[in-house]
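Take a look at the structure set out below.
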Amino acid sequence: MLKLLLIEDDLDLAQTLVQYLELEEMICDHASNGVAGLNLIAKNNYDVLLLDVNLPRMDGLRVCQNLRQKGNDVPVLMLTARDQLDDKLKGFAAGSDDYLVKPFELQELLVRIHALSRRRSGQVKVMTCGDLEMNLSERAVTRAGKLLQLSPTSWKLLECLLRASPTPVSRETLMDAVWGDEHPDSNSLKVHIFNLRKVIDAPFPVALLHTISGVGFALKPPSRHSLDEI
């Protein structure tokens with residue numbers, strides 16, 4: 001089941017869209033302004049973001065730019081009444097993946113959501129967590145400016161964890177990311193997580209990779225309290 005976030009300040013339109021998408025067996029959260037939308041994104045994983053351009057507190061372009069700068073690769077479908085080419089180019093430059101001009105047919109919205117949900121956004125090239133940085137274009141990982149050497153398996157694990165950060169990732173999801181449907185025994189994941197920790201955490205004063213009991217693992221940036229203790 002797809003999980004969506006709609007950021008739209010037109011409450012009548014938002015209610016219509018949420019009800020329609022739920023009838024199509026999708027979960028759709030709603031935020032009425034850009035700041036509230038970013039707060040929801042920080043707490044949840046979404047398959048597609050439906051983003052109005054004209055929003056109170058923070059407009060859609062800035063919301064999208066903020067996501068991409070943080071390494072969030074959720075596919076973004078911008079919804080707007082602006083139909084000029086220049087407006088569309090600004091949306092794509094901000095990091096959107098698709099564009100739908102209001103008013104639109106609900107069936108077209110559905111088709112575009114399904115198309116976007118089958119892929120993650122290609123807009124993100126760099127993902128970060130604290131002083132850890134993964135550059136997908138250069139295929140390089142650094143922490144505190146130091147280049148780290150990762151095995152292919154560690155790279156896949158780290159990429160999966162960074163895409164979700166700071167949200168925890170289940171063991172099942174991590175094994176899917178590395179081995180697909182052919183899962184090895186559970187000890188294999190433990191060994192590779194141990195090896196990943198040795199590379200990204202052991203040489204540094206603050207750990208980023210955390211075990212979440214009963215859930216899985218999460219990459220979390222250091223809190224202000226932990227920084228004060230260094």
Given side chains that start at C-beta, do those of [X] and [Y] come closer than 4.5 Å, heavy atoms only?
X	Y	answer
Asn44	Leu5	no
Leu219	Leu158	yes
Thr211	Ile193	no
Val191	Asn195	yes
Val169	Arg163	no
Leu13	Leu79	no
Arg112	Val48	no
Leu6	Leu21	no

Starting at [atom1] of [X], measure out to [atom2] of [Y] and round the result to the nearest 0.5 Å.
X	Y	atom1	atom2	value
Leu38	Asn66	CG	CG	5.0 Å
Gln107	Glu24	CD	CD	8.5 Å
Glu108	Leu110	CD	CG	11.0 Å
Asp201	Leu208	CG	CG	5.0 Å
Ser154	His192	OG	NE2	7.5 Å
Lys43	Ile41	NZ	CD1	12.0 Å

Exercise. Charged N to carboxylate O below 4.0 Å: is that the case for Arg143 and Asp131?
Worked result: yes
Exercise. Could you walk me through whether Leu189 and Leu157 pass the side-chain contact (heavy atoms from CB on, under 4.5 Å) check?
Worked result: CA-CA 9 Å; Leu189 179 61; Leu157 287 172; 3.9 Å; yes
Could you state whether [X] and [Y] fall into the same hydrophobic cluster, counting links through intermediate Ile, Leu, Val, Met, Phe, Trp or Tyr residues with side-chain heavy atoms under 4.5 angstrom apart?
X	Y	result
Val111	Leu4	no
Ile27	Val76	no
Leu209	Ile212	no
Leu162	Val215	no

Exercise. Yes or no on salt bridge (Lys or Arg N to Asp or Glu O under 4.0 Å) for Arg68 and Asp97, after CA distance, side-chain angles and deciding distance?
Worked result: CA-CA 11 Å; Arg68 299 311 187 217; Asp97 298 275; 2.9 Å; yes
Over all heavy atoms of both residues, which pair between [X] and [Y] is shortest? Give the atoms and the distance, please.
X	Y	result
Arg62	Arg57	NH1-O, 4.1 Å
His183	Glu172	CE1-OE2, 3.3 Å
Leu77	Tyr99	CD1-N, 3.7 Å
Ala140	Trp155	N-CH2, 3.7 Å
Gly34	Val63	CA-CG2, 3.6 Å
Ala31	Leu40	CB-CD1, 4.0 Å

Exercise. Do Leu55 and Val35 pass the side-chain contact (heavy atoms from CB on, under 4.5 Å) test, and can you show the C-alpha distance, the side-chain angles, and the key distance before you say yes or no?
Worked result: CA-CA 9 Å; Leu55 291 168; Val35 173; over 6 Å; no
For this session: Using side chain to side chain contact (heavy atoms under 4.5 Å, CB included) as the criterion, point out the one residue from Leu174, Thr167, Thr173, Ile200 that pairs with Leu161.
Result: Leu174
For this session: Identify which one of Leu49, Asp73, Leu51 satisfies the side chain to side chain contact (heavy atoms under 4.5 Å, CB included) criterion when paired with Leu67.
Result: Leu49
For this session: Take Leu136 and Met127, measure what side-chain contact (heavy atoms from CB on, under 4.5 Å) needs, and give me the verdict at the end.
Result: CA-CA 8 Å; Leu136 298 175; Met127 296 184 291; 4.2 Å; yes
Problem set entry | Lys190 atom NZ, neighbour heavy-atom count above 12 within 6.0 Å |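 Atom NZ in Lys190 is not crowded, with 12 or fewer foreign heavy atoms closer than 6.0 Å.
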Problem set entry | Greater than 12 external heavy atoms within 6.0 Å of Gln15's CD |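 Atom CD in Gln15 is not crowded, with 12 or fewer foreign heavy atoms closer than 6.0 Å.
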Exercise. How far apart are the C-alpha atoms of Leu2 and His114, what are their side-chain angles, what is the distance that settles it, and do they pass the side-chain contact (heavy atoms from CB on, under 4.5 Å) test?
Worked result: CA-CA 9 Å; Leu2 294 180; His114 280 299; 4.0 Å; yes
